[in-house]
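First comes the structure, then the notes that go with it.
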Amino acid sequence: MKFVRLVWVNLSRSKRRTILTTLSVAAALFLFVSLRSVNTTLQDAAEVGSEARMVTRNSISIVFSLPEAYYQWLSAVPGVERVSWAVWFNGIYRDPRDFFPSFAIQADSYLAMYPEMVIPEEQRQAFMAERTAAIVGTGLMERFGWSLGQTVTLRSPIYPADNDWPFTIRGVYTPTNPSFGDNLFFFHYEYVYEHSLRGAQPGWYVLQLEDPAVATSVAETIDEHYRNSRAATRTETERAFQTGFVTMYGNVGFLMNAVGLAVFFAILLVAASTMMMAARERTSEVAVLKTLGFSDRLLFGLVLAEAATITLIGGLLGVFGAKLIFEGTQFQGAGFLPGFQVKWSTAIAGMAIALLLGLISGIVPAWQAARMPVAQTLRRVA
Amino acid sequence: MALLEIRNLSKVYHRDSQAIPVFEDIDLDVERGDFLVLMGPSGSGKTTLLNLIAGLDEPTTGQITVGGEEVTGMSRRQLAAWRSRHVGFIFQLYNLLPVLTAYQNVELPLLLTHLSKKERREHVMTVLDVVGLADRAEHFPRQLSGGQEQRVAIARAIVSDPTVILADEPTGDLDAKSADEILTLMQRLNSEFQKTILLVTHDARAAERGHAIMHLDKGVLTR
Amino acid sequence: MAIPLIYNLRSIRQRPVSTLTTALGMALVVLVFIAMMALSRGFRAALAETGSRENVIVLRSGADSELISGIGRQTAATIAAMPFVAQGPDGRPLVSPEVYVLISLDRLGGGDALVVARGINPEAFDVRKNVEIVAGRMFNPGAPEILVGKSIVGRFAGTQIGETINFANRDWTVVGHFAARGSAFESEIWGENEQFMPAFRGEFFQSLTFRMKDPSQFESIKKTLEDDPRLPVGAHREYDFYAAQSYLLTQIMNFAAIFVAGIMAIGAIFGAVNTMYAAVGARAPEIAVLLTLGFRPVSVMSSFMFEALLIALIGGLLGCLFSLPLNGIVTSTTNWQSMSEVAFAFRVTPDLLLGGVIFALVMGLIGGFFPARRAARQPVVKAARQP
């Protein structure tokens, strides 16, 4: 601890250099943390689905719907406790850039199957009582400044209607898990069915299982039953269904990692060259310290500590700066990254990288300081 | 037994493939409390000799024994530790760390010991008092005159109570008045505090302050 | 009087390590910038290349994508007979009514993707000039046979000629592969309209594409079609339609490129600042000599600015060099606007390379400014006294 002063004064020797380097490290770690968080958010989104729920969709693709008549048979499948369905509405509010996901649902059963959506009881009842009512997430309420009871009009390219689609907000849900998303818009299937110029059919069915262990057999039973019908099905756990969507992002994960690598090397160059510059200015002082009896090992450690101090402070700034900024602005990637957050595991990984950065950038000057032959250096100076 | 014993000491430098001998076969005894002055022309190896005694360099042949310990066989790590306890070095160009205050500069050697902060403070203020700069403890080297800087350097050299003080042209960069102050101080260290001093200098007046004068010329040491 | 540039060139050579590390840092920033923009360019190119400026694509009015559109046979026949539709050498109208759906296929290597399955008549190859069969043969009418786009081959199971893919409850035999100049069509599966209709949505098409006799007449053609009470359709220039499909994703990619490169640039600039300050500090005596000799401070400043720009230029050129191997590398993603999987290649264009170099020069300019100014403001006497 008593050597902290020495490390500190060396850093203050050129405040400009220390501050700029620290800020560079902060910028790099900010980026690193942002990129990694995109990856973790996508991974988490893949894990939102419950193991006890399954999704049955048209086997051709999610783009095709299923007959309403399936409801009866599905409810009777052994192992299935409850059945509901939903339709992708693709509602547009004001401008396509204000995108948020909207779904028509078989409300009674759907809300019962998703305890992730916490809705005050009186709001739920108000919603159930009104055909044109909607339940929206807390994120949407904040984003657009809506209030309970407000009428919001959407238009849908998939379901054209004479006067577009007015909805009255009767309920607000709070998600128990941020990855579920707080920006979803739900309303009654019946409303769409009745008012759509081209009718409506379930987009997919959601099944609640009594016991997650029966998932595979339930899937087989259902898909086998409908195999040769007009609308064959593909049934899988909700988790597998979600994961399927995430894989559609393609190589995003790889891209983020590749960029992260480039960032790491770029900043390593900056930090290392700074440390070397600083070292060059101090050769005579290192010699003096050695004369006083400071050992090679001690000087090695002091130089390394200097490098690590810069990178750790820069790391703290970058990592926690990112956390603050993203969580303060509630960044969700325009709806594509629900539940975006800088997780503690990412923060720790970031600090570890900062430490690694410090060690690598300091190693050469530290080594040089340790190996420096005193007599020659002094002779040059004096 | 003498405090400092040098036997058969020689040093040869190698530059590229050329061998440049500095001195050969030097013998020297320095008793505790001695104030020995070493003179000689430029390049005669006086500084080299000091460096060897301080363990900052390795001799080509020979042994150096200080306070009963043989210095010449020690590893770099052992030498560093030994040096911190037994040697006080005073340079021509003060060599204070400009980013540290006078107090902090003097404290440096003590950081290598196990003394507590309080104990370190006691030692530092004591020696700053001896050199007459207790009131300048919080000043930075750039705020001190040349003579004052050198006094801080001397304080640093004695703060850990070393066995021997080695001074390489301490007055070389000072004006006459400051030089005089420094030499008086060194005499005090020797007479009042019984410090053993080996002083290298060009200056004949400085030489008079010591007990004995030796000459190093063309690799030969004579009294 | 300007300080000779050779002074800067030699000075840079004197300190190769710091010059190289600074330049390399900038090179990495430029590389990342070009790479991410090349991704965005490639994606846009794949989509823009898809449509022709001479073609019109007709959808159900109000539909903004083929997926949710529906056009009846009667409507298709009516449009085909209109006078502004170009005719092929055999006199038949160059009209291509098409079924368009997304099917879920398993990617080799894990995950699934939504792939476009497009129903066509043989005229499609005449209407769409950029598509041609490169292996195998055209499918036979009445047979459950399909053509597979080049970029799908090898990425999904059963896509080699002779193999079968199962969807919509039938096995379809792959009889040929087609290429489409790197456009989005290459990520599609094509089959016969008459086979696809019963398999998917029934007796109607999703789109109708035709070649205009006179492409300059597009506006009046559009009006004619959309005002006709018999035809519940919307008409779009094919080129614009597909280009618009790339809008969302390219916006996101461009934003990401600027965001990432911008922040990296901060680091690189600070690194350059430190390097230049160190250079100015180390050369203080030289600067003093130059000033003493009579060179004006502004010359000293421009000299150091030039040096910073030189280092930046080296960095920029290196970054461009590093980015070249990326050109042409194929990757794929889902175009969320159309929900379909699109394969595309990195596209490193000359203007991107130029942009990269300019980016580097700007970094050098900003990074070199303060140190250069310090050099110019140096007091002569103090500098000369350095040991």
Side-chain angles (χ1 to χ4, degrees), chain A residues 14 16-17 19-21 23-28 30-31 34-35 57 59-64 90 96-97 99 155 157-160 198 227-230 232 234 243-244 246-252 254-255 258-259 262-263 265-267 269-274 276-277 280-281 333-334 336, chain C residues 17-18 21-22 24-29 31-32 35-36 39 60-65 67-68 70 101-105 107 110-115 117 167-169 199-201 248 252 259-260 263-271 273-275 277-278 281-282 331-334 336 339 341:
Chain A
S14 168
R16 180 250 320 148
R17 184 169 59 211
I19 290 178
L20 288 185
T21 310
L23 289 178
S24 300
V25 173
F30 175 86
L31 255 186
S34 308
L35 295 173
R57 61 157 169 94
S59 70
I60 303 178
S61 75
I62 192 66
V63 151
F64 291 85
N90 203 7
R97 264 177 291 210
F99 170 77
R155 65 177 170 84
I158 307 180
Y159 296 101
R198 52 193 287 262
R227 183 189 302 281
N228 292 314
S229 66
R230 177 99 183 97
R234 162 102 165 238
T243 308
V246 170
T247 62
M248 282 167 63
Y249 277 97
N251 281 333
V252 167
F254 177 76
L255 180 69
V259 173
V263 169
F265 279 107
I267 200 63
L269 287 170
V270 170
S273 72
T274 299
M276 303 244 222
M277 268 181 251
R280 234 171 300 161
E281 287 172 11
F336 281 99
Chain C
V17 175
S18 73
T21 50
T22 309
L24 222 54
M26 291 195 187
L28 283 171
V29 179
L31 171 64
V32 167
M36 292 181 83
L39 210 57
R60 167 174 67 77
S61 65
D64 59 358
S65 93
L67 193 60
I68 51 179
V101 294
L102 294 177
I103 58 178
S104 175
L105 292 180
R107 267 199 217 125
D112 27 71
L114 291 177
V115 175
F167 54 84
N169 256 344
F200 296 126
R201 296 214 187 275
L248 183 64
I252 293 179
F259 176 74
V260 172
I263 297 188
M264 275 181 88
I266 293 178
I269 289 177
F270 287 165
V273 170
N274 279 339
T275 302
Y277 264 117
T331 183
S332 67
T333 187
T334 299
W336 291 101
M339 292 275 286
E341 158 114 348

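Throughout, protein chains are lettered first and strands after them, A, B, ... in sequence-line order, and every chain is numbered starting at 1. When reading the values below, keep in mind they use all heavy atoms of this one structure, side chains included, and skip hydrogens, waters and symmetry mates. Being a predicted model, the structure only gives us computed values, none of them experimental.
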Legend entry - Inter-residue atom distance I267(A).CD1 - M264(C).CE, 0.5 Å rounding: 8.5 Å

Identify which part of [X] has an atom lying under 4.5 Å from any heavy atom of chain C, answering side chain, backbone, both or neither.
{"X": "S14(A)", "result": "neither"}
{"X": "I19(A)", "result": "neither"}
{"X": "T274(A)", "result": "side chain"}
{"X": "F30(A)", "result": "side chain"}

Inset, instruction - For chain C, find which of A27(A), S34(A), A28(A) contributes the most heavy-atom pairs closer than 4.5 angstrom. - result: A27(A)

Inset, instruction - Could you check which of L23(A), L255(A), V25(A) has the highest count of heavy-atom pairs closer than 4.5 Å to chain C? - result: L23(A)

Taking the side chain as every heavy atom from C-beta outward, state whether [X] and [Y] have any atom pair closer than 4.5 Å.
{"X": "F270(C)", "Y": "V270(A)", "result": "no"}
{"X": "S61(A)", "Y": "M339(C)", "result": "no"}
{"X": "L67(C)", "Y": "L102(C)", "result": "yes"}

Proximity breakdown for [X] and chain A, heavy-atom pairs closer than 4.5 Å:
{"X": "L39(C)", "result": "side chain"}
{"X": "A199(C)", "result": "backbone"}
{"X": "L105(C)", "result": "neither"}
{"X": "S65(C)", "result": "neither"}
{"X": "M36(C)", "result": "side chain"}
{"X": "L31(C)", "result": "neither"}
{"X": "S332(C)", "result": "backbone"}

Shortest non-hydrogen contact between [X] and [Y], atoms and distance:
{"X": "V259(A)", "Y": "V32(C)", "value": "CG1-CG1, 4.1 Å"}
{"X": "M277(A)", "Y": "A278(C)", "value": "SD-CB, 3.3 Å"}
{"X": "P157(A)", "Y": "D64(C)", "value": "CB-OD1, 4.0 Å"}

Inset, instruction - Could you walk me through whether N169(C) and R230(A) pass side chain to side chain contact (heavy atoms under 4.5 Å, CB included), step by step? - result: CA-CA 8 Å; N169(C) 256 344; R230(A) 177 99 183 97; over 6 Å; no

Legend entry - Closest-packed option against chain A by number of heavy-atom pairs under 4.5 Å, given A63(C), A268(C), S18(C), S104(C): S104(C)

Legend entry - When T333(C), I103(C), T22(C) are compared by non-hydrogen pairs under 4.5 Å with chain A, the top option: I103(C)

Legend entry - F259(C) atom CZ: more than 12 heavy-atom contacts under 6.0 Å: yes

Inset, instruction - Classify the side-chain pair N274(C)/R16(A) by whether it contains a donor and acceptor separated by less than 3.5 Å. - result: yes

